[in-house]
Amino acid sequence: MSVALVTGASSGIGAAIAIAFAEAGWDVMAAGRDEGRLEEVADVSERISTWVGELAESEDCDELIADTIDEFGDLDCLVNSAGILLHADAADSSDEDWRNTLTINLDVPFFLSRAALPHLVKAEGSIVNISSFWGLQAGEAVVAYCVSKAALNMLTKAMARDAASDGVRINAICPGGVDTPMLAAGAETTGQEVDEFLDMVAVDSPNGKISAPEDVAALALFLASDAATQITGATIPIDGGLSA
């Protein structure tokens, strides 16, 4: 039996990852803030348990790891998928906006990874961080998000170097546009209808398509599998060729 913990699992990429792991035979702790949406995810498979709560302080993250171990007795993969996107340039980013973005997108993955590592060493498991294309290349009016995801990529690499000798693999996925509620919310910043906005995002991709959450989930599942035992410290784009 393999066990995965997936944060941000109430919608979008996180939900798709939780479901993909469960359908592949993993037991899954799906963590998030929206109890109703988490229950909808859990209804897909009896292998999915839920954890509802806020993740901001290290104590919250320690509690989530401990609760996962109490539930399943082990942990083989941590997927850090929870994240927030602030549409603002530096001048329009308040102190609170900046700190909150860095807390959710960088501090929480660090705190969770630190707490999970002793269990992952025992299992020779893995960590998959959901980063972003904007962690590889800057975007306009998303400064805090870009910085947080670029830092998450370096956290991935640095921790991967340290954990490799213990048999733990740590990688990051860097999606471009993905058809999620987070992406759709970007329509508000442009004054466009959602469908019009999504079409605009698709045009920016060389293959003319927006990724589905399931595309990212499939890559996360691969990175957690024995087929990826030689892959660690990687930041892998999934963007239809955008980063090429």
Side-chain angles (χ1 to χ4, degrees), residues 2 4-24 26 28 30-32 76-85 101 104-106 108-110 112-113 116 120 125-139 142 145-161 163-164 168-183 201 204-207 209-244:
S2 296
L5 164 60
V6 183
T7 67
S10 58
S11 67
I13 292 173
I17 291 173
I19 291 169
F21 272 70
E23 290 180 342
W26 291 61
V28 178
D76 298 275
C77 182
L78 166 64
V79 182
N80 288 306
S81 184
I84 57 173
L85 172 56
T101 301
I104 301 303
N105 293 356
L106 179 62
V108 169
F110 171 73
L112 284 169
S113 298
L120 295 175
S126 64
I127 298 172
V128 179
N129 293 319
I130 305 304
S131 183
S132 172
F133 167 77
W134 278 336
L136 302 171
Q137 179 174 315
V142 282
Y145 185 79
C146 290
V147 171
S148 68
K149 293 300 188 177
L152 180 60
N153 288 345
M154 184 52 67
L155 177 67
T156 298
K157 292 175 179 292
M159 290 189 68
R161 289 294 297 265
V168 177
R169 297 177 297 102
I170 306 175
N171 295 291
I173 299 174
C174 300
V178 182
D179 189 1
T180 65
M182 178 184 287
L183 180 63
V201 173
D204 286 339
S205 178
N207 71 351
K209 298 177 182 179
I210 295 178
S211 298
E214 290 76 16
D215 296 325
V216 183
L219 180 54
L221 186 59
F222 168 73
L223 290 173
S225 74
D226 290 341
T229 55
Q230 278 297 94
I231 303 176
T232 192
T235 50
I236 305 174
I238 181 166
D239 59 13
L242 186 62
S243 55

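- Between the CE atom of M159 and the CZ atom of F110 there is a distance of 6.5 Å, given to the nearest 0.5 Å.
- Atoms CG and OG, on N80 and S113 in that order, are 4.5 Å from each other to the nearest 0.5 Å.
- Put simply, the side chain of I130 reaches to within 4.5 Å of the side chain of I17, judged on heavy atoms.
- Heavy-atom minimum distance, I238 versus S211: O-OG, 3.7 Å.
- Using a 4.5 Å cut-off on side-chain heavy atoms (C-beta onward), V108 and T7 make no contact.
- Under the rule for a side-chain hydrogen bond (donor to acceptor under 3.5 Å, both in side chains), S132 has no partner lying at least two apart in sequence or in another chain.
- The side-chain heavy atoms of L5 and V79, taken from C-beta on, include no pair separated by under 4.5 Å.
- Judged as a side-chain hydrogen bond (donor to acceptor under 3.5 Å, both in side chains), and not counting sequence neighbours, D76 has no contacts.
- Summarising the geometry of T229 relative to D226, their closest heavy-atom pair is CG2-O, 3.0 Å, with the distance given to 0.1 Å.
- Inter-residue side-chain proximity for I127 and L120 is flagged as met; some heavy-atom pair is nearer than 4.5 Å.
- In this structure, I236 CD1 and S131 OG are separated by 11.5 Å, a value rounded to the nearest 0.5 Å.
- Here the closest non-hydrogen pair linking S81 and I13 is OG-CG2, 3.9 Å.
- Shown here are the ring-ring contact (aromatic ring centres under 6.0 Å, His included) partners of W26, two or more places apart in sequence or in another chain: F21.
- For the pair P109/L152, a side-chain contact is recorded, criterion being any heavy-atom separation below 4.5 Å from C-beta on.
- Legend: residues meeting side-chain contact (heavy atoms from CB on, under 4.5 Å) with E214, ordered by chain and number and at least two apart, are A16, A212.
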Can you list, pair by pair, the side-chain donor-acceptor contacts under 3.5 Å of residues 169-176, counting residues two or more places apart and other chains?
unit_1, atom_1, unit_2, atom_2, d
R169, NH1, L223, O, 2.7
R169, NH1, A228, O, 3.0
R169, NH2, L223, O, 3.0
R169, NH2, S225, O, 3.3
N171, OD1, T232, N, 3.4
N171, OD1, G233, N, 3.2
N171, OD1, A234, N, 3.0
N171, ND2, I231, O, 2.9

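- Nearest heavy-atom pair across A224 and S126 is CA-OG, 3.6 Å.
- I84 has its side chain out of reach of Y145: every pair of non-hydrogen atoms, C-beta onward, lies at least 4.5 Å apart.
- Nearest heavy-atom pair across A227 and F222 is CB-CE1, 3.6 Å.
- The side-chain hydrogen bond (donor to acceptor under 3.5 Å, both in side chains) search around T156 returns N129, not counting sequence neighbours.
- Sorted by first and then second residue, the side-chain hydrogen bond (donor to acceptor under 3.5 Å, both in side chains) pairs involving residues 233-244 (not counting sequence neighbours) are D239-S243.
- Applying the side-chain hydrogen bond (donor to acceptor under 3.5 Å, both in side chains) test to S148 and every residue at least two apart in sequence or in another chain returns N105.
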